[in-house]
Amino acid sequence: MNQLRYWLLKSEPGSFSIDDLAACPDQTTQWDGVRNYQARNYLRDRMQPGDLGFFYHSNCRQPGIVGIVEIRSAGYPDPTAFDPESPYFDPKSRIDRPRWFMVDVRLVEKFSRPVTLKQLQQHREVLEGLTLLRRGHRLSIMPVAPEHWHFILSLAGKL
DNA sequence: GCCAACGTTGGC
DNA sequence: GCCAACGTTGGC
């Protein structure tokens with residue numbers, strides 16, 4: 001078994017919030033629709049069942065980390081790319097040569113007290129190198145260093 | 001392979 | 001709604 005990793009997964013609560021995840025059967029969903037190559041590489045090559053991730057709400061009134069999810073599968077081809085009816089359809093992704101990947105994600109817990117982006121920014125020194133805090137970052141899937149993971153957990157009152 | 005134009009992201 | 005930052009596209 002490889003070392004488990006930590007992640008941060010962004011979602012716009014207007015389209016899919018942590019409450020939406022909580023409402024899913026088995027509190028599990030397919031994390032589909034990722035259309036960025038770097039994020040794709042993480043999904044396809046790095047994520048493994050048992051990894052944990054922060055669920056981050058972006059592009060909303062109060063951006064921040066709202067809970068924890070568990071990665072429940074390795075990466076596998078994202079079928080929405082093959083579906084002409086899907087907003088995520090990509091004709092360049094073919095069944096025999098899939099371009100986009102996804103994983104299954106299950107809710108572990110929703111924080112009673114989210115860790116806001118503002119809070120994270122107040123600890124720039126400790127969180128040095130956290131991709132989320134880098135200027136102009138746009139990755140929707142990013143790795144989180146173990147020390148950052150634990151520090152953020154402490155901000156959430158979980159340690 | 002360069003690079004300008006364009007579309008998207010996402011905090012504010 | 002603004003706009004800076006970024007990724008992608010496509011002409012050359």
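Atoms considered below: every heavy atom in the structure, side chains included; atoms not considered: hydrogens, waters and symmetry mates. The chains referred to below are lettered A, B, ... by the order of the sequence lines, with proteins before strands, and numbering in each begins at 1. Note that the coordinates shown come from a computational prediction; the quantities given were computed from them, not determined experimentally.
The residue among A:R135 and A:Y37 whose nearest nucleotide of DNA chain C lies closer to the 5′ end is A:R135.
The cluster map of Ile, Leu, Val, Met, Phe, Trp and Tyr, joined by side-chain heavy atoms under 4.5 Å apart, puts A:F54 and A:M102 in different clusters.
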For a quick test of your reading: what N or O donor-acceptor pairs under 3.5 Å do the side chains of residues 117-124 of chain A make, sequence neighbours left out?
from: A:Q119; atom 1: OE1; to: A:T116; atom 2: N; distance (Å): 3.0
from: A:R124; atom 1: NH1; to: A:L133; atom 2: O; distance (Å): 3.3

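Annotation: A:Y37 is in aromatic contact with A:W100 [ring centroid separation under 6.0 Å].
A salt bridge is defined here as a Lys NZ or Arg NE, NH1 or NH2 lying under 4.0 Å from an Asp or Glu carboxylate O, and A:D78 with A:R35 meets this definition.
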- If pairs are Watson-Crick or G-U with both distances under 3.5 Å, what is the dot-bracket string of DNA chain C, marking crossing pairs with [ ] and pairs to another strand with |? ||||||||||||
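Side chains of A:D83 and A:T80: no donor on one and acceptor on the other come within 3.5 Å.
The only option from A:Y42, A:F55, A:W7 that meets the ring-ring contact (aromatic ring centres under 6.0 Å, His included) definition with A:W31 turns out to be A:F55.
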- Query: Yes or no on side-chain contact (heavy atoms from CB on, under 4.5 Å) for A:I68 and A:L153, after CA distance, side-chain angles and deciding distance?
  - Reply: CA-CA 10 Å; A:I68 295 174; A:L153 280 187; 3.6 Å; yes
Between the protein and nucleotides 6-12 of chain B, list the N/O to N/O atom pairs that are separated by less than 3.5 angstrom.
from: B:dG7; atom 1: N2; to: A:R138; atom 2: NH1; distance (Å): 3.3
from: B:dT8; atom 1: O2; to: A:R138; atom 2: NH1; distance (Å): 3.1
from: B:dT8; atom 1: O2; to: A:R138; atom 2: NH2; distance (Å): 3.2
from: B:dG10; atom 1: OP1; to: A:K10; atom 2: NZ; distance (Å): 2.3
from: B:dG10; atom 1: OP1; to: A:R138; atom 2: O; distance (Å): 3.3
from: B:dG11; atom 1: OP1; to: A:Y56; atom 2: OH; distance (Å): 2.7
from: B:dG11; atom 1: OP2; to: A:N59; atom 2: N; distance (Å): 2.8
from: B:dC12; atom 1: OP1; to: A:Q121; atom 2: NE2; distance (Å): 3.4

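Listed for the A:T29 side chain is no donor-acceptor partner under 3.5 Å among the backbone atoms of A:L21.
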